*Asks:* 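Let me begin by handing over the structure; questions about it come next.
First the proteins, then the strands, lettered A, B, ... as listed; each starts at 1. When reading the values below, keep in mind they use all heavy atoms of this one structure, side chains included, and skip hydrogens, waters and symmetry mates. For clarity, every value in this text was computed on a predicted model and none was experimentally measured.
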Number of protein chains: 2
Amino acid sequence: MGANGREPAPATRLLAGSAGWLLGDVAREVTLRLEEALRGDELRWRDYGVLVILESAGPLSQQEIGRRLAVDRSTMVHVIDVLEQRGLVARGRDRADRRAYAVELTGAGRALLAEVLHPLTDAVHEQVLGRLTPGERRTLTRLLARLAGPARDA
Amino acid sequence: MGANGREPAPATRLLAGSAGWLLGDVAREVTLRLEEALRGDELRWRDYGVLVILESAGPLSQQEIGRRLAVDRSTMVHVIDVLEQRGLVARGRDRADRRAYAVELTGAGRALLAEVLHPLTDAVHEQVLGRLTPGERRTLTRLLARLAGPARDA
DNA sequence: TATTGTTATACTCTATAACTATA
DNA sequence: TATAGTTATAGAGTATAACAATA
């Protein structure tokens, strides 16, 4: 009898009007479609985040990965457990600090990203952004990049 | 020891680059700031959504409100309980269907929206969008409005 | 004394199922 | 028989606190 799959935020399409609300609406749609797309591989948005971080930042401790995702280290234990059981990451030891793991992508993890996950998310972005012309898209990207910068207070 | 307040989505600023990821980053920042701003009035994003929906769509049943927010009716019971206890909404009876409530804004609810909550969210939007010139902002709004339309599949 | 990973535990959020009163 | 609201309950998700190994 549920109305939800397992979405993070409510779908308040009613509030639209200003750029702020529209932003939320569009982003929510992207997120929902991404979660939906990843479901086929039994991955959550967060799992994908771990893999992408490891791909771009090499071996990291569990705590460091959690810090970048705003997830507690105690929560990371299970997240990494699952990814390790699926053979997508491996817990190596950090030779400089034997308390910490050096979590790294396996070949399988790297391949899954390149062959499945990245194309999947590209496709989702394409579905949503495809309504714009290439020129409009460049404009949008430029404006959003201005907004996405660091510290910005009124 | 937590890394979170109670955010919905992880903060993966690392993935930025394309419009799709930037969109998520900016929207996440808006959401975090909104939750933060509403915390002062001990309201969650969802509570605000209920009030806004009632403001724009008049008295509605709990189930209908839940449908618009993608929240189950069993969950709505407590949401409305709290808002009612705070005197922001009232459970009237739907005279056409005595099974259903006709939940409506009270004067206090309407006043809180007008005097506190709407200004608050406007301020948050201003903080994030304020980096753009008025012209850029109009452009952004126009582009997002194109994206926020209904059904759009590749 | 501080930190990484771990575990046990508790708390929050939300849905499912069963119940009631209506329809 | 079906529906709105309610309640009890269960599950997912995630944090806090305490512990072992290491720094």
*Asks:* Ring pair (Phe, Tyr, Trp, His ring centres under 6.0 Å): which pairs involve residues 123-146 of chain A, sequence neighbours left out?
*Replies:* A:H125-B:W21
*Asks:* Apply side-chain hydrogen bond (donor to acceptor under 3.5 Å, both in side chains) to B:E84 and list each qualifying residue two or more places apart in sequence or on a separate chain.
*Replies:* B:R91
*Asks:* Taking atom P of D:dA4 as reference, at what distance in whole Å does atom CG of B:L60 sit?
*Replies:* 13 Å
*Asks:* Holding to side-chain contact (heavy atoms from CB on, under 4.5 Å), I want the full list of residues that pass it with A:R93, two or more places apart in sequence or in another chain.
*Replies:* A:Y101
*Asks:* Side chain of B:S61: nearest nucleotide among C:dT4, C:dT16, D:dG5?
*Replies:* D:dG5
*Asks:* Side-chain N or O of B:R44 versus OP1/OP2 of C:dC13: is the shortest distance under 4.0 Å?
*Replies:* yes
*Asks:* Please list, chain by chain and in numerical order, all residues satisfying side-chain contact (heavy atoms from CB on, under 4.5 Å) with B:Q63, sequence neighbours excluded.
*Replies:* B:S61, B:R73
*Asks:* Can you tell me the distance, in whole Å, between the CZ atom of B:R73 and the P atom of D:dT7?
*Replies:* 13 Å
*Asks:* Identify the pairs formed between an N or O of the protein and an N or O of nucleotides 9-11 of chain C at a distance under 3.5 Å, and give each distance.
*Replies:*
none

*Asks:* Keeping to residues at least two apart or across chains, list the side-chain hydrogen bond (donor to acceptor under 3.5 Å, both in side chains) pairs with something in residues 108-119 of chain A.
*Replies:* A:Y48-A:H118, A:E55-A:H118
*Asks:* Provide, to the nearest angstrom, the distance between the CG atom belonging to B:D72 and the C1' atom belonging to D:dA10.
*Replies:* 14 Å
*Asks:* Holding to side-chain contact (heavy atoms from CB on, under 4.5 Å), I want the full list of residues that pass it with A:R138, two or more places apart in sequence or in another chain.
*Replies:* A:P134
*Asks:* List the residues meeting side-chain contact (heavy atoms from CB on, under 4.5 Å) with A:E36, not counting sequence neighbours, and say none if there are none.
*Replies:* A:R39
*Asks:* Ion pair present between A:R33 and A:E126, side-chain N to carboxylate O less than 4.0 angstrom?
*Replies:* no
*Asks:* So, OP1 or OP2 of D:dA4: does either fall under 4.0 Å of a side-chain N or O from B:Q63?
*Replies:* yes
*Asks:* Among residues at least two apart in sequence or on other chains, which ones pass salt bridge (Lys or Arg N to Asp or Glu O under 4.0 Å) with B:D97?
*Replies:* B:R99
*Asks:* Residues of residues 94-105 of chain A with any non-hydrogen atom less than 4.0 angstrom from an atom of DNA chain C: list those, numerically ordered, please.
*Replies:* A:R99, A:A100, A:Y101
*Asks:* Return the set of residues passing salt bridge (Lys or Arg N to Asp or Glu O under 4.0 Å) with B:R142 (not counting sequence neighbours), or none when no residue passes.
*Replies:* A:E136
*Asks:* Looking at residues 74-92 of chain A, who's got a heavy atom less than 4.0 Å off DNA chain C?
*Replies:* A:S74, A:V77, A:R91
*Asks:* Can you measure B:E64 atom CD to D:dT3 atom P for me and round it to whole angstrom units?
*Replies:* 15 Å
*Asks:* Same cluster or not: B:V82 versus B:V103, using hydrophobic residues (I, L, V, M, F, W, Y) connected whenever any side-chain heavy atoms lie under 4.5 Å apart?
*Replies:* no
